[in-house]
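What follows is a set of notes on a single structure, which appears directly below.
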Amino acid sequence: QMEVDEVVRLPRLSRVAVCGGTHGNELSGVYLVRELLKVEKKVVEKEEKEEEPVSVLMVLSNPRAMQQCRRYVDTDLNRCFTHATLNGPISDTAPYEMIRSRELNAMLGPKGSPEAVDLVCDLHNTTANMGLCLIAYSDCDWICLHIFRHLQSQMPDTPMRYIHFDVSNKESYSLDSVGKHGFAIEIGPQPHGVVRSNIYTAMKVGVQHMLDWVRFFNSGTIFEGGFVDVFTMIKHIDYPRDSETRNITAAIHPQLQV
């Protein structure tokens with residue numbers, strides 16, 4: 001058991017962005033943000049009367065890819081948020097997603113600046129049977145780690161992992177890196193272009209618990225310390241391939257592919 005000598009105080013999270021549709025065929029986030037936008041319209045008058053402890057911005061990240069139900073139109077939007085890509089020269093003929101990344105950076109950032117939103121939560125699906133994963137560039141961001149612990153405690157029946165990509169802020173390439181704090185919530189298994197009710201519901205519940213934690217945090221709640229298991233990427237392991245054609249020669253074992 002850890003003994004904490006003093007309470008650590010962190011700035012409140014006044015502005016939070018929840019993003020869906022960064023990949024246009026990962027539909028849980030698309031449908032959830034659309035639903036949250038409808039709810040947001042209904043509570044505008046209430047928010048004007050009662051000051052909310054947090055401002056939540058709902059964003060549909062890649063509208064063109066969503067319309068076509070494709071991962072992306074020209075290039076992967078979720079690889080367009082490095083410092084070099086956001087700040088380098090750009091032409092009128094640049095890929096749509098490169099132009100869109102700058103629009104999102106202006107809306108939620110600028111990345112690395114004091115004006116950036118306090119927290120970005122980007123919603124994704126995967127075909128892999130990996131449950132709910134919180135994916136972040138930091139293994140020591142107390143905000144992300146505490147949110148993950150809160151989700152674990154509130155969703156004990158949902159398999160959950162914290163995945164860490166050891167990449168510097170300048171080289172971090174995904175939308176969630178634009179905020180002061182950020183992570184992706186990725187839930188599977190779900191085929192692309194499809195909504196499975198159980199996966200959608202898990203995402204909806206997870207986002208609601210995340211926002212609840214932010215409100216608790218902003219109201220001055222003290223959270224106990226503890227431990228989180230963090231999975232850090234060490235290397236990529238490719239499928240077995242034919243030495244001449246490079247075609248894949250094996251499939252995932254049935255006991256692993258559910």
Side-chain angles (χ1 to χ4, degrees), residues 13-41 54-126 134-138 141 143-144 147 165 167-187 192 203 206-207 210-211 214:
L13 305 171
S14 300
R15 297 167 62 222
V16 174
V18 177
C19 306
T22 302
H23 292 143
N25 59 357
E26 298 176 12
L27 296 188
S28 292
V30 173
Y31 278 80
L32 179 55
V33 170
R34 284 176 177 167
E35 179 180 341
L36 294 174
L37 284 168
K38 289 181 181 179
V39 173
E40 186 180 46
K41 289 182 181 179
V54 58
S55 171
V56 182
L57 178 63
M58 309 297 175
V59 180
L60 292 168
S61 311
N62 196 337
R64 290 190 188 177
M66 288 163 43
Q67 289 173 354
Q68 300 177 33
C69 197
R70 294 169 56 184
R71 182 178 175 91
Y72 55 81
V73 177
D74 295 321
T75 190
D76 193 335
L77 177 61
N78 221 31
R79 302 296 182 270
C80 291
F81 293 93
T82 64
H83 181 80
T85 302
L86 292 173
N87 295 283
I90 192 168
S91 69
D92 294 337
T93 59
Y96 165 70
E97 279 83 6
M98 287 189 67
I99 297 170
R100 181 61 177 158
S101 70
R102 295 188 178 214
E103 294 172 353
L104 291 166
N105 187 50
M107 182 192 306
L108 304 178
K111 179 176 177 174
S113 74
E115 291 76 31
V117 297
D118 297 300
L119 176 65
V120 175
C121 173
D122 193 24
L123 304 175
H124 288 266
N125 290 118
T126 175
L134 191 151
I135 304 173
Y137 290 108
S138 173
D141 184 319
I143 297 296
C144 297
I147 289 174
F165 286 172
V167 179
S168 70
N169 180 261
K170 279 192 172 184
E171 295 300 318
S172 56
Y173 46 76
S174 54
L175 174 57
D176 53 275
S177 69
V178 172
K180 294 185 181 74
H181 308 272
F183 54 83
I185 289 180
E186 184 162 284
I187 308 183
H192 297 320
M203 179 175 285
V207 169
M210 180 271 294
L211 293 174
V214 172

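- Between Val117 and Ala17 the shortest heavy-atom distance is CG2-CB, 4.5 Å.
- Residues Val18 and Met58 are in side-chain contact: their nearest non-hydrogen atoms beyond the backbone lie under 4.5 Å apart.
- With sequence neighbours excluded, the residues that form a ring pair (Phe, Tyr, Trp, His ring centres under 6.0 Å) with Tyr137 are Tyr173.
- Note that OG1 of Thr126 and CD1 of Ile187 are 11.0 Å apart. Values are rounded to the nearest 0.5 Å.
- Partners of Asp141 under the side chain to side chain donor-acceptor pair (under 3.5 Å) rule, at least two apart in sequence or in another chain, are His181.
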What verdict does the side-chain contact (heavy atoms from CB on, under 4.5 Å) test give for Ile90 and Arg102, after you've listed the backbone C-alpha separation in whole Å, the side-chain angles of each residue and the deciding distance to 0.1 Å?
CA-CA 10 Å; Ile90 192 168; Arg102 295 188 178 214; 3.6 Å; yes
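- Taking CG of Leu27 as the reference point, atom CG of Leu32 lies at 12.0 Å (rounded to 0.5 Å).
- Counting all heavy atoms, side chain and backbone alike, Pro110 lies closest to Ala116 at O-CB, 3.6 Å.
- Contact of the Leu86 side chain with the Ser101 side chain is registered, since non-hydrogen atoms from C-beta on lie closer than 4.5 Å.
- Between Leu108 and Cys19, the closest side-chain pair of non-hydrogen atoms falls below 4.5 Å.
- Taking every heavy atom of both residues into account, Gly20 and Val33 meet most closely at N-CG2, 3.5 Å.
- Looking at every heavy atom in both residues, Ala94 comes nearest to Ile99 through O-CD1, 3.8 Å.
- Atom CD of Glu97 and atom CZ of Phe81 lie 10.0 Å apart (nearest 0.5 Å).
- Here salt bridge (charged side-chain N to carboxylate O under 4.0 Å, His left out) pairs that include residues 17-34, with residues two or more places apart or in two chains, are Glu26-Arg71.
- Every salt bridge (Lys or Arg N to Asp or Glu O under 4.0 Å) that Glu103 has, sequence neighbours left out, goes to Arg100.
- No donor-acceptor contact under 3.5 angstrom links the side chains of Asn125 and Glu186, judged on distance only.
- Residues Leu211 and Val56 have side chains in contact (heavy-atom distance under 4.5 Å, counting atoms from C-beta outward).
- The shortest non-hydrogen separation linking Cys144 to Gly182 is SG-O, 3.7 Å.
- Closest approach of Leu175 and Ser61 over heavy atoms only: CD2-OG, 3.4 Å.
- Side chains of Ile135 and Asp176 form no contact here, defined as non-hydrogen atoms less than 4.5 Å apart.
- Every pair passing ring pair (Phe, Tyr, Trp, His ring centres under 6.0 Å) that includes a residue from residues 16-37 is listed here, sequence neighbours excluded: His23-His124.
- Listed by chain and residue number, Thr85 satisfy the side chain to side chain donor-acceptor pair (under 3.5 Å) test with Thr82 (two or more places apart in sequence, or in another chain).
- Among residues two or more places apart in sequence or in another chain, the salt bridge (Lys or Arg N to Asp or Glu O under 4.0 Å) test is passed with Glu171 by none.
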Step-by-step side-chain contact (heavy atoms from CB on, under 4.5 Å) determination, Cys121 to Ile185
CA-CA 7 Å; Cys121 173; Ile185 289 180; 3.8 Å; yes
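- Between the side chains of Asn78 and Thr22, no donor-acceptor pair of N or O atoms lies under 3.5 Å.
- Judged by distance alone, with hydrogens and angles left aside, the side-chain atoms of Lys111 form no donor-acceptor pair with the main-chain N or O of Asn105 at under 3.5 Å.
- A 4.5 Å side-chain heavy-atom check between Tyr96 and Thr75 finds every atom pair outside the cut-off.
- Residues passing the side chain to side chain donor-acceptor pair (under 3.5 Å) test with Asp74, sequence neighbours excluded: none.
- Contacts of Ser91 classified as side chain to side chain donor-acceptor pair (under 3.5 Å), with partners at least two apart in sequence or in another chain: Thr93.
- Side-chain contact between Ile147 and Phe183 is present, with at least one heavy-atom pair separated by less than 4.5 Å.
- The ring pair (Phe, Tyr, Trp, His ring centres under 6.0 Å) check on Phe165 picks up nothing, with sequence neighbours excluded.
- Counting heavy atoms from C-beta outward, Val16 and Leu57 have side chains that stay 4.5 Å or more apart.
- For Asp118, the salt bridge (Lys or Arg N to Asp or Glu O under 4.0 Å) criterion is met by Lys180, not counting sequence neighbours.
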